[in-house]
Amino acid sequence: MNRRQTIPAELRYTRSQFDREFPTDDACLEQIKEQRFPGGVTVCAKCEGPRKHYRVAGRTAYACATCGNHIYPLAGTIFEKSTTSLRVWFQAMYLMGSTRCGISAKQIQRETGVTYKTAWRMFRQIRSLLSEPDMQLEGSTVEVDEMFYGGKRKGGKGRPMRGDKNAKATVLGAVERKGRVICRTAMDTTSKTLHGFVKECVLPKSTVFTDEFVSYHGIDRIDGMEYEHRRINHSASVYVMGDVHTQTIEGFWSLVKRGIGGVYHSVSQKYLQTYLDEYSFRYNRRESGNLIFPAILARVSERVSSKPSAAVAENQTV
(Lines give C-alpha, C1' and ligand atoms only; values in the text may rest on other atoms or scores of the structure.)
Protein backbone atom coordinates (compact mmCIF):
# COMPACT_ATOMS: atom_id res chain seq x y z
CA MET A 1 0.00 0.00 0.00
CA ASN A 2 1.29 3.46 -0.93
CA ARG A 3 1.01 5.48 2.27
CA ARG A 4 2.40 8.67 0.76
CA GLN A 5 0.31 11.63 -0.35
CA THR A 6 -0.37 10.98 -4.04
CA ILE A 7 -1.93 14.35 -4.88
CA PRO A 8 0.64 16.94 -6.07
CA ALA A 9 1.10 19.88 -3.71
CA GLU A 10 -0.33 22.37 -6.22
CA LEU A 11 -3.57 20.34 -6.46
CA ARG A 12 -4.20 19.98 -2.73
CA TYR A 13 -6.90 21.85 -0.85
CA THR A 14 -7.27 20.71 2.74
CA ARG A 15 -9.79 21.42 5.48
CA SER A 16 -7.22 23.54 7.32
CA GLN A 17 -6.80 25.70 4.19
CA PHE A 18 -10.56 26.09 3.99
CA ASP A 19 -10.77 27.14 7.64
CA ARG A 20 -7.98 29.69 7.17
CA GLU A 21 -9.53 31.24 4.05
CA PHE A 22 -13.15 31.24 5.21
CA PRO A 23 -13.27 31.53 9.01
CA THR A 24 -16.38 33.77 9.04
CA ASP A 25 -19.42 34.80 7.04
CA ASP A 26 -17.67 38.09 6.26
CA ALA A 27 -14.75 36.27 4.63
CA CYS A 28 -17.19 34.25 2.51
CA LEU A 29 -19.06 37.40 1.46
CA GLU A 30 -15.78 39.07 0.52
CA GLN A 31 -14.96 36.10 -1.72
CA ILE A 32 -18.28 36.38 -3.58
CA LYS A 33 -17.78 40.15 -3.90
CA GLU A 34 -14.32 39.66 -5.39
CA GLN A 35 -15.65 37.11 -7.88
CA ARG A 36 -18.41 39.40 -9.07
CA PHE A 37 -16.85 42.83 -8.54
CA PRO A 38 -13.04 42.49 -8.42
CA GLY A 39 -11.54 45.08 -6.11
CA GLY A 40 -15.03 46.31 -5.28
CA VAL A 41 -15.12 48.27 -8.54
CA THR A 42 -18.25 48.06 -10.68
CA VAL A 43 -20.60 50.37 -12.56
CA CYS A 44 -22.81 52.30 -10.16
CA ALA A 45 -26.40 52.44 -11.39
CA LYS A 46 -26.84 55.92 -9.93
CA CYS A 47 -23.50 57.50 -10.93
CA GLU A 48 -23.57 55.62 -14.27
CA GLY A 49 -19.87 54.96 -14.16
CA PRO A 50 -17.31 52.61 -12.59
CA ARG A 51 -16.98 53.32 -8.88
CA LYS A 52 -15.23 51.80 -5.88
CA HIS A 53 -17.62 50.21 -3.36
CA TYR A 54 -17.02 49.66 0.37
CA ARG A 55 -18.57 47.20 2.80
CA VAL A 56 -21.62 48.37 4.77
CA ALA A 57 -21.36 47.22 8.39
CA GLY A 58 -24.10 44.83 9.49
CA ARG A 59 -25.41 44.20 5.96
CA THR A 60 -24.49 42.02 3.01
CA ALA A 61 -24.07 45.18 0.94
CA TYR A 62 -21.35 47.40 -0.45
CA ALA A 63 -21.87 51.15 -0.88
CA CYS A 64 -20.66 53.34 -3.74
CA ALA A 65 -17.84 55.62 -2.53
CA THR A 66 -19.36 58.58 -4.41
CA CYS A 67 -23.14 58.44 -3.91
CA GLY A 68 -23.72 55.66 -1.36
CA ASN A 69 -25.78 53.47 -3.70
CA HIS A 70 -25.74 49.86 -2.54
CA ILE A 71 -24.84 46.71 -4.44
CA TYR A 72 -25.58 43.23 -3.10
CA PRO A 73 -23.07 40.52 -4.18
CA LEU A 74 -25.45 37.73 -3.11
CA ALA A 75 -28.33 38.99 -5.28
CA GLY A 76 -29.15 36.51 -8.02
CA THR A 77 -26.97 33.76 -6.54
CA ILE A 78 -28.08 30.57 -4.81
CA PHE A 79 -27.47 32.38 -1.49
CA GLU A 80 -30.03 35.12 -2.12
CA LYS A 81 -32.69 35.36 0.64
CA SER A 82 -31.19 32.38 2.47
CA THR A 83 -31.22 32.59 6.26
CA THR A 84 -28.53 29.91 6.50
CA SER A 85 -25.04 31.08 7.41
CA LEU A 86 -22.92 31.79 4.33
CA ARG A 87 -20.06 29.82 5.85
CA VAL A 88 -22.34 26.78 6.20
CA TRP A 89 -23.08 27.06 2.47
CA PHE A 90 -19.34 27.17 1.77
CA GLN A 91 -18.77 24.22 4.09
CA ALA A 92 -21.40 22.18 2.23
CA MET A 93 -19.74 23.00 -1.12
CA TYR A 94 -16.35 22.04 0.28
CA LEU A 95 -17.61 18.68 1.57
CA MET A 96 -19.41 18.05 -1.70
CA GLY A 97 -16.24 18.74 -3.70
CA SER A 98 -13.80 16.87 -1.47
CA THR A 99 -15.47 13.47 -1.83
CA ARG A 100 -15.11 11.18 -4.83
CA CYS A 101 -18.44 9.38 -4.52
CA GLY A 102 -20.72 12.11 -3.19
CA ILE A 103 -21.99 12.97 0.27
CA SER A 104 -25.54 12.72 1.56
CA ALA A 105 -27.69 15.53 2.90
CA LYS A 106 -27.95 13.54 6.13
CA GLN A 107 -24.17 13.69 6.50
CA ILE A 108 -24.22 17.45 5.87
CA GLN A 109 -26.86 17.73 8.58
CA ARG A 110 -24.51 15.98 11.00
CA GLU A 111 -21.47 18.01 9.91
CA THR A 112 -23.02 21.48 9.98
CA GLY A 113 -25.88 21.23 12.48
CA VAL A 114 -28.60 22.43 10.09
CA THR A 115 -31.89 20.57 9.70
CA TYR A 116 -32.23 17.81 7.13
CA LYS A 117 -34.67 19.94 5.13
CA THR A 118 -32.12 22.76 4.96
CA ALA A 119 -29.28 20.40 4.03
CA TRP A 120 -31.35 18.83 1.24
CA ARG A 121 -32.33 22.25 -0.13
CA MET A 122 -28.70 23.40 -0.06
CA PHE A 123 -27.59 20.35 -2.02
CA ARG A 124 -30.33 20.86 -4.57
CA GLN A 125 -29.22 24.48 -5.07
CA ILE A 126 -25.54 23.59 -5.28
CA ARG A 127 -26.23 20.85 -7.83
CA SER A 128 -28.02 23.41 -9.99
CA LEU A 129 -24.59 25.02 -10.51
CA LEU A 130 -22.99 21.85 -11.82
CA SER A 131 -24.82 21.31 -15.11
CA GLU A 132 -22.90 21.93 -18.33
CA PRO A 133 -25.65 22.04 -20.98
CA ASP A 134 -23.56 23.65 -23.73
CA MET A 135 -20.54 21.37 -23.49
CA GLN A 136 -19.42 19.43 -26.56
CA LEU A 137 -16.91 16.61 -26.61
CA GLU A 138 -13.83 17.57 -28.58
CA GLY A 139 -11.95 14.28 -28.60
CA SER A 140 -11.54 12.44 -31.91
CA THR A 141 -12.73 9.18 -30.32
CA VAL A 142 -15.99 9.13 -28.37
CA GLU A 143 -17.88 6.24 -26.78
CA VAL A 144 -21.68 6.38 -26.58
CA ASP A 145 -23.90 4.11 -24.51
CA GLU A 146 -27.18 4.06 -22.62
CA MET A 147 -27.95 3.15 -19.00
CA PHE A 148 -31.20 2.29 -17.20
CA TYR A 149 -31.65 3.31 -13.59
CA GLY A 150 -34.26 2.58 -10.91
CA GLY A 151 -37.79 1.30 -11.43
CA LYS A 152 -38.69 -2.21 -12.52
CA ARG A 153 -38.96 -3.60 -16.00
CA LYS A 154 -42.25 -5.26 -16.81
CA GLY A 155 -41.56 -8.84 -17.84
CA GLY A 156 -38.00 -9.23 -16.53
CA LYS A 157 -34.56 -7.83 -17.31
CA GLY A 158 -33.47 -5.68 -20.24
CA ARG A 159 -34.48 -2.40 -21.80
CA PRO A 160 -37.84 -0.97 -20.66
CA MET A 161 -40.86 -2.05 -22.68
CA ARG A 162 -42.93 0.62 -24.40
CA GLY A 163 -45.84 1.79 -22.27
CA ASP A 164 -44.41 0.47 -19.01
CA LYS A 165 -45.36 3.13 -16.42
CA ASN A 166 -42.87 1.80 -13.85
CA ALA A 167 -40.01 1.54 -16.32
CA LYS A 168 -36.46 2.36 -15.43
CA ALA A 169 -35.16 5.85 -16.21
CA THR A 170 -33.20 6.05 -19.45
CA VAL A 171 -29.82 7.81 -19.37
CA LEU A 172 -27.66 8.49 -22.43
CA GLY A 173 -23.93 9.04 -22.11
CA ALA A 174 -20.98 10.03 -24.29
CA VAL A 175 -17.37 10.14 -23.14
CA GLU A 176 -14.03 11.10 -24.64
CA ARG A 177 -11.40 8.47 -24.07
CA LYS A 178 -9.24 9.87 -21.25
CA GLY A 179 -11.44 12.97 -21.34
CA ARG A 180 -14.81 14.38 -20.38
CA VAL A 181 -18.27 12.87 -20.12
CA ILE A 182 -21.79 14.11 -20.92
CA CYS A 183 -24.91 12.31 -19.74
CA ARG A 184 -28.58 13.17 -20.11
CA THR A 185 -31.84 11.59 -19.05
CA ALA A 186 -34.04 10.68 -22.01
CA MET A 187 -37.60 9.58 -22.71
CA ASP A 188 -36.64 6.59 -24.86
CA THR A 189 -33.86 4.91 -26.84
CA THR A 190 -35.22 5.33 -30.36
CA SER A 191 -32.92 6.13 -33.27
CA LYS A 192 -34.22 9.69 -33.36
CA THR A 193 -33.32 10.24 -29.69
CA LEU A 194 -29.89 8.57 -29.84
CA HIS A 195 -28.89 10.20 -33.13
CA GLY A 196 -29.99 13.59 -31.82
CA PHE A 197 -27.93 13.09 -28.65
CA VAL A 198 -24.81 12.15 -30.62
CA LYS A 199 -25.24 15.10 -32.99
CA GLU A 200 -25.65 17.49 -30.05
CA CYS A 201 -22.67 16.26 -28.02
CA VAL A 202 -20.08 14.98 -30.51
CA LEU A 203 -18.15 17.15 -32.95
CA PRO A 204 -18.24 16.28 -36.69
CA LYS A 205 -15.70 13.84 -38.15
CA SER A 206 -15.21 12.07 -34.80
CA THR A 207 -14.99 8.30 -34.43
CA VAL A 208 -18.00 7.07 -32.46
CA PHE A 209 -17.86 3.71 -30.65
CA THR A 210 -21.10 1.99 -29.62
CA ASP A 211 -22.45 -1.48 -28.97
CA GLU A 212 -24.67 -3.37 -31.43
CA PHE A 213 -28.01 -1.86 -30.28
CA VAL A 214 -30.21 -1.37 -33.34
CA SER A 215 -30.97 2.31 -32.64
CA TYR A 216 -27.33 3.18 -33.29
CA HIS A 217 -27.66 2.12 -36.93
CA GLY A 218 -27.00 5.02 -39.27
CA ILE A 219 -24.86 7.22 -37.03
CA ASP A 220 -22.28 7.37 -39.82
CA ARG A 221 -25.00 8.71 -42.13
CA ILE A 222 -26.19 11.65 -39.99
CA ASP A 223 -26.35 14.64 -42.34
CA GLY A 224 -23.29 16.87 -42.31
CA MET A 225 -21.52 15.13 -39.39
CA GLU A 226 -19.25 12.64 -41.23
CA TYR A 227 -18.88 10.33 -38.23
CA GLU A 228 -16.93 7.10 -38.43
CA HIS A 229 -19.06 4.53 -36.60
CA ARG A 230 -17.42 1.45 -35.05
CA ARG A 231 -19.32 -1.16 -33.02
CA ILE A 232 -18.62 -3.94 -30.53
CA ASN A 233 -20.94 -6.95 -30.38
CA HIS A 234 -21.81 -7.45 -26.70
CA SER A 235 -24.52 -10.00 -27.50
CA ALA A 236 -21.78 -12.33 -28.72
CA SER A 237 -19.85 -11.81 -25.45
CA VAL A 238 -17.24 -9.70 -27.22
CA TYR A 239 -16.27 -6.66 -25.14
CA VAL A 240 -12.93 -5.53 -26.54
CA MET A 241 -11.56 -5.95 -30.04
CA GLY A 242 -8.41 -3.91 -30.56
CA ASP A 243 -9.38 -0.30 -29.91
CA VAL A 244 -13.09 -1.01 -30.38
CA HIS A 245 -14.90 -1.04 -27.02
CA THR A 246 -17.20 0.96 -24.76
CA GLN A 247 -15.33 0.24 -21.53
CA THR A 248 -14.78 3.91 -20.66
CA ILE A 249 -18.46 4.90 -20.59
CA GLU A 250 -19.37 1.63 -18.86
CA GLY A 251 -16.80 2.43 -16.19
CA PHE A 252 -18.51 5.78 -15.65
CA TRP A 253 -21.91 4.06 -15.37
CA SER A 254 -20.42 1.78 -12.71
CA LEU A 255 -19.13 4.84 -10.82
CA VAL A 256 -22.59 6.46 -10.91
CA LYS A 257 -24.52 3.35 -9.89
CA ARG A 258 -22.15 2.44 -7.05
CA GLY A 259 -22.02 6.05 -5.88
CA ILE A 260 -25.79 6.50 -5.81
CA GLY A 261 -26.38 3.05 -4.31
CA GLY A 262 -23.73 3.48 -1.63
CA VAL A 263 -24.31 7.12 -0.64
CA TYR A 264 -27.86 8.08 -1.59
CA HIS A 265 -29.34 4.54 -1.81
CA SER A 266 -32.07 5.73 -4.17
CA VAL A 267 -32.77 8.74 -6.40
CA SER A 268 -36.12 9.60 -7.96
CA GLN A 269 -36.38 10.13 -11.71
CA LYS A 270 -37.42 13.73 -11.02
CA TYR A 271 -34.00 14.62 -9.58
CA LEU A 272 -31.83 12.05 -11.36
CA GLN A 273 -30.40 14.58 -13.85
CA THR A 274 -29.04 16.78 -11.05
CA TYR A 275 -27.19 13.82 -9.55
CA LEU A 276 -25.81 12.91 -12.99
CA ASP A 277 -24.62 16.52 -13.31
CA GLU A 278 -22.79 16.19 -10.00
CA TYR A 279 -21.00 12.97 -10.98
CA SER A 280 -20.17 14.34 -14.44
CA PHE A 281 -18.81 17.59 -12.98
CA ARG A 282 -16.53 15.69 -10.62
CA TYR A 283 -15.47 13.16 -13.30
CA ASN A 284 -14.60 15.91 -15.78
CA ARG A 285 -12.27 17.46 -13.17
CA ARG A 286 -10.75 14.26 -11.82
CA GLU A 287 -7.26 15.51 -12.75
CA SER A 288 -7.77 18.58 -10.53
CA GLY A 289 -6.96 16.79 -7.29
CA ASN A 290 -8.75 18.47 -4.36
CA LEU A 291 -9.51 21.67 -6.28
CA ILE A 292 -13.14 20.73 -6.99
CA PHE A 293 -14.39 23.11 -4.28
CA PRO A 294 -12.84 26.22 -5.92
CA ALA A 295 -14.39 25.08 -9.22
CA ILE A 296 -17.84 24.84 -7.60
CA LEU A 297 -17.36 28.20 -5.90
CA ALA A 298 -16.46 29.85 -9.20
CA ARG A 299 -19.80 28.64 -10.62
CA VAL A 300 -21.71 30.79 -8.10
CA SER A 301 -20.81 33.99 -9.94
CA GLU A 302 -20.92 32.40 -13.39
CA ARG A 303 -24.53 31.29 -12.83
CA VAL A 304 -25.93 34.56 -11.44
CA SER A 305 -29.67 34.68 -12.06
CA SER A 306 -31.05 37.26 -14.47
CA LYS A 307 -34.38 37.46 -12.62
CA PRO A 308 -35.78 41.01 -12.33
CA SER A 309 -35.87 40.69 -8.53
CA ALA A 310 -32.12 40.18 -8.46
CA ALA A 311 -31.47 43.20 -10.64
CA VAL A 312 -33.66 45.36 -8.43
CA ALA A 313 -31.91 44.09 -5.30
CA GLU A 314 -28.55 45.24 -6.63
CA ASN A 315 -29.57 48.86 -7.07
CA GLN A 316 -31.02 50.14 -3.83
CA THR A 317 -30.17 53.54 -2.42
CA VAL A 318 -30.15 54.25 1.28
Side-chain angles (χ1 to χ4, degrees), residues 102 120 123-125 127-137 142-176 180-204 206 208-225 227 229 231-235 246 248-261 263-284 303:
W120 187 88
F123 264 19
R124 183 181 174 189
Q125 293 286 80
R127 287 194 184 96
S128 71
L129 302 175
L130 306 184
S131 64
E132 301 175 289
D134 300 324
M135 189 176 78
Q136 270 196 318
L137 301 182
V142 175
E143 299 175 19
V144 178
D145 194 26
E146 72 284 351
M147 173 188 81
F148 302 97
Y149 174 80
K152 292 184 179 180
R153 181 190 183 275
K154 183 179 180 180
K157 298 182 179 180
R159 292 183 172 86
M161 299 177 67
R162 185 174 299 177
D164 186 356
K165 295 181 180 179
N166 297 314
K168 294 176 177 288
T170 302
V171 181
L172 309 181
V175 64
E176 302 164 343
R180 301 168 302 165
V181 68
I182 296 174
C183 52
R184 304 274 190 272
T185 56
M187 296 299 295
D188 52 50
T189 54
T190 61
S191 292
K192 181 179 179 180
T193 300
L194 291 176
H195 288 195
F197 173 72
V198 173
K199 188 174 181 179
E200 176 188 352
C201 300
V202 184
L203 291 178
S206 299
V208 179
F209 295 91
T210 71
D211 58 24
E212 77 285 1
F213 183 39
V214 65
S215 291
Y216 291 119
H217 288 339
I219 283 180
D220 54 342
R221 296 192 297 274
I222 297 177
D223 291 341
M225 303 308 289
Y227 293 130
H229 187 198
R231 314 178 76 171
I232 192 73
N233 191 357
H234 288 168
S235 61
T246 57
T248 312
I249 187 64
E250 287 168 4
F252 177 73
W253 293 146
S254 177
L255 177 68
V256 172
K257 288 181 177 180
R258 289 178 182 273
I260 291 178
V263 177
Y264 307 110
H265 306 303
S266 180
V267 173
S268 69
Q269 294 190 19
K270 179 179 179 180
Y271 298 110
L272 178 59
Q273 183 63 59
T274 64
Y275 286 82
L276 295 173
D277 291 340
E278 176 191 346
Y279 280 93
S280 298
F281 187 89
R282 194 180 290 113
Y283 181 90
N284 292 341
R303 297 292 179 87

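Note that the structure is predicted; figures quoted are calculated from it, not measured.
- Just one of Val142, Val198, Val144 meets the side chain to side chain contact (heavy atoms under 4.5 Å, CB included) condition when paired with Leu137; it is Val142.
- Side chain of Gln273 to main chain of Cys183: a donor-acceptor pair is present (N/O by atom type, distance under 3.5 Å, no hydrogens or angles).
- Between Val171 and Phe148, every side-chain heavy-atom pair lies at or beyond the 4.5 Å cut-off.
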Exercise for review: List the steps and the verdict of side chain to side chain donor-acceptor pair (under 3.5 Å) for Asp188 and Thr193.
Suggested key: CA-CA 7 Å; Asp188 52 50; Thr193 300; 2.5 Å; yes
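- Panel note: side chain Glu278, backbone Gly102; no donor-acceptor pair is recorded below 3.5 Å.
- We find the OG1-CD distance between Thr248 and Glu176 to be 11.0 Å, quoted to the nearest 0.5 Å.
- Atom CG of Leu203 sits about 7.5 Å away from atom OH of Tyr227, to the nearest 0.5 Å.
- Within the 3.5 Å criterion, the main-chain N or O of Asp277 finds no donor-acceptor partner in the side chain of Ser280.
- With hydrogens and angles disregarded, a donor-acceptor distance shorter than 3.5 Å links the side chain of Gln136 to the backbone of Glu200.
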Check your understanding: Yes or no on side chain to side chain donor-acceptor pair (under 3.5 Å) for Arg221 and His195, after CA distance, side-chain angles and deciding distance?
Key -> CA-CA 10 Å; Arg221 296 192 297 274; His195 288 195; over 6 Å; no
Exercise for review: Under the side chain to side chain contact (heavy atoms under 4.5 Å, CB included) rule, what do Ile182 and Glu132 come out as? Steps first, then yes or no, please.
Suggested key: CA-CA 8 Å; Ile182 296 174; Glu132 301 175 289; over 6 Å; no
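- Remark: side-chain polar atoms of Tyr149 are paired, donor with acceptor, to backbone N or O of Val267 under 3.5 angstrom.
- The main-chain N or O of Asn284 is never found under 3.5 Å from a side-chain atom of Arg180 such that the two would form a donor-acceptor pair.
- Here the straight-line distance linking atom CD1 of Ile260 with atom NE2 of His265 works out to 12.0 Å at 0.5 Å rounding.
- Distance CD/Gln269 to NZ/Lys168: 10.0 Å, rounded to 0.5 Å.
- Nearest heavy atom pair, residue Met135 against residue Val181, reads CE-O, 3.2 Å.
- For the pair Arg231 (side chain) and Phe213 (backbone), a donor-acceptor distance under 3.5 Å is present.
- Remark: Arg303 CZ to Leu130 CG distance equals 8.0 Å, nearest 0.5 Å.
- One distance of note links OG1 of Thr210 with NE2 of His217; it measures 9.0 Å at 0.5 Å rounding.
- In this structure, the side chain of Arg127 does not engage the main chain of Leu276 through any donor-acceptor pair within 3.5 Å.
- Remark: the backbone N or O of Leu255 is not paired with any side-chain donor or acceptor of Tyr283 at under 3.5 angstrom.
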Exercise for review: Given side chain to side chain contact (heavy atoms under 4.5 Å, CB included), test Val175 with Phe252 step by step and report yes or no.
Suggested key: CA-CA 9 Å; Val175 64; Phe252 177 73; 5.9 Å; no
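- For the residue pair Tyr216 and Asp211, the shortest heavy atom distance occurs at CE1-OD1, 3.2 Å.
- Minimum heavy-atom separation, Trp253 to Asp145: NE1-OD2, 3.5 Å.
- Using modelled atom types, one side-chain atom of Ser215 and one backbone atom of Thr189 make a donor-acceptor pair closer than 3.5 Å.
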